[in-house]
Amino acid sequence: MNNIHIPPVVKNLLIINILFFAATYLLTSFHLDDILAVYYFDSPKFEIWQPISYMFMHGNLAHIFFNMFALYSFGSILESRWGGKKFIIFYFITGLGALFLQWAVQAFEVHQILGTFTAQNKLNLSDLYNATEASPAKIKTLFGIYFGGMLGASGAIFGLLVAFGMLYPNAELMIMFIPVPVKAKYIIPFYILVELSLGVAQFEGDSVAHYAHLGGALIGFILVKLWKDKKDTFYTLYE
């Protein structure tokens, strides 16, 4: 995938993400990471713009580097194939799909603890311990859901990965710590299975939104299936 030009939508997404990342650290008094991250839909911290703004926020340098590298590497190929309009629709739909699956999982967890999908106006920092008879571990889970924000383009990036793997299954990719190239049709499904395993396991201290990644991957899979033209000719360079 050498010498790939950067098409306009990918280029603009890269610039916007980098600007948001820089602003987060240069304008610390505005707490942009708190305002623009997305919270559970029933959280008192949820705002209407967050389902879009969260896609442009990243927690640290490694987070934005790997996401933007994937956006450049895979997004450039997909935008060149689909065109800018189709690509940006795909990008935002997969990003929203990532969020909705994460919310669905969180709503299930809230229902398991409270018997409802909402906190019924009881949940806040001062009286949470009186709002439920749940165990300390479950109360901690509620705190994480209601007051823990999610940020990053990873959901949309997983959609791009799945789309690339479906459209260019025989493309050979160089993977960190693996000394030989691996075909996309092998490495991407393996990566998805790893995310599913981590999401189900819910290891202590794991703050990654694995179900959001899976949501982006799932919506990406569905969209490619819906959009795929049987007469479409793949770019043989990557086959």
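- When every heavy atom of Ala153 is checked against every heavy atom of Met68, the shortest pair comes out as CB-CE, 4.4 Å.
- Between Phe21 and His58, the gap from one ring centroid to the other reaches at least 6.0 Å.
- Ring planes of Phe69 and Phe65: parallel class, angle under 30° (limits at 30 and 60°).
- Counted within 6.0 Å of CD1 on Ile48, heavy atoms from surrounding residues, nucleotides or ligands total 12 or fewer; the atom is thus considered open.
- Partners of Tyr91 according to the ring pair (Phe, Tyr, Trp, His ring centres under 6.0 Å) rule, which considers only residues two or more places apart in sequence or in another chain, do not exist here.
- For the atom pair NE2 (His213) and CG (Leu101), the distance works out to 11.5 Å, reported to the nearest 0.5 Å.
- Taking each heavy atom of Ala217 and Ile192 in turn, the nearest pair found is CB-CD1, 3.6 Å.
- Of all heavy-atom pairs spanning Gly84 and Glu79, the tightest one is CA-OE2, 3.8 Å.
- The two atoms that bring Ile157 and Ala70 nearest to each other are CG2-CB, 3.6 Å, heavy atoms only.
- Note: Tyr54 OH to Leu151 CG = 10.0 Å, rounded to the nearest 0.5 Å.
- Using a 30° and 60° split on the angle between ring planes, Phe56 and Phe20 fall in the tilted class, from 30° to 60°.
- Taking the six-membered ring where tryptophan is involved, the planes of Trp227 and Trp82 are perpendicular, since the angle between them exceeds 60° and thus also 30°.
- Here the straight-line distance linking atom OH of Tyr146 with atom CD of Gln106 works out to 9.5 Å at 0.5 Å rounding.
- In terms of heavy-atom proximity, Met166 sits nearest to Phe221 at SD-CD1, 3.5 Å.
- For Phe46 and Tyr39, the ring centers sit 6.0 Å or farther from each other.
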Between Met57 and Thr24, is a side-chain contact (heavy atoms from CB on, under 4.5 Å) present by the stated rule, with each step listed? CA-CA 8 Å; Met57 301 296 295; Thr24 300; 3.1 Å; yes

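- Using a distance-only test at 3.5 Å, with no hydrogens or angles considered, a donor-acceptor pair links the side chain of Ser53 to the main chain of Leu36.
- Inspection of the Tyr25 and Asn60 side chains reveals no N or O donor paired with an N or O acceptor under 3.5 Å.
- The two residues Thr94 and Ala156 make their nearest non-hydrogen contact at OG1-CA, 3.5 Å.
- No donor-acceptor pair under 3.5 Å is formed between the side chain of His111 and the backbone N or O of Ala107.
- Residues Leu32 and Ile16 share a single hydrophobic cluster, defined by chaining ILVMFWY side chains whose heavy atoms lie under 4.5 Å apart.
- Counting heavy atoms from C-beta on, the side chains of His5 and Ser80 come closer than 4.5 Å.
- Side-chain contact between Leu167 and Leu78 is present, with at least one heavy-atom pair separated by less than 4.5 Å.
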Might you work through the side-chain contact (heavy atoms from CB on, under 4.5 Å) test for Leu142 and Phe147, ending with a clear yes or no? CA-CA 8 Å; Leu142 287 175; Phe147 298 102; over 6 Å; no

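- Here the straight-line distance linking atom CG of Asp33 with atom CG of Leu27 works out to 11.5 Å at 0.5 Å rounding.
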Report the C-alpha separation of Leu61 and Phe66 in whole Å, then their side-chain angles, then the decisive distance to 0.1 Å, and conclude whether the side-chain contact (heavy atoms from CB on, under 4.5 Å) test is met. CA-CA 9 Å; Leu61 188 59; Phe66 285 110; over 6 Å; no

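- Side chains of Ser154 and Asn67: a donor-acceptor N/O pair is present below 3.5 angstrom, by distance only.
- Counting non-hydrogen atoms of other residues, nucleotides and ligands closer than 6.0 Å to NZ of Lys86 gives a total above 12.
- Residues Lys45 and Asp34 meet the side-chain proximity criterion, which asks for heavy atoms closer than 4.5 Å.
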Is there a side-chain contact (heavy atoms from CB on, under 4.5 Å) between Met150 and Leu99? Walk through the geometry before answering. CA-CA 9 Å; Met150 184 175 75; Leu99 173 60; 3.7 Å; yes

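- Side-chain atoms of Gln102 come within 3.5 Å of backbone atoms of Ala212 as a donor-acceptor pair (strictly under, hydrogens ignored).
- More than 12 heavy atoms of other residues, nucleotides or ligands lie within 6.0 Å of CZ in Phe41, so this atom counts as buried by the packing criterion.
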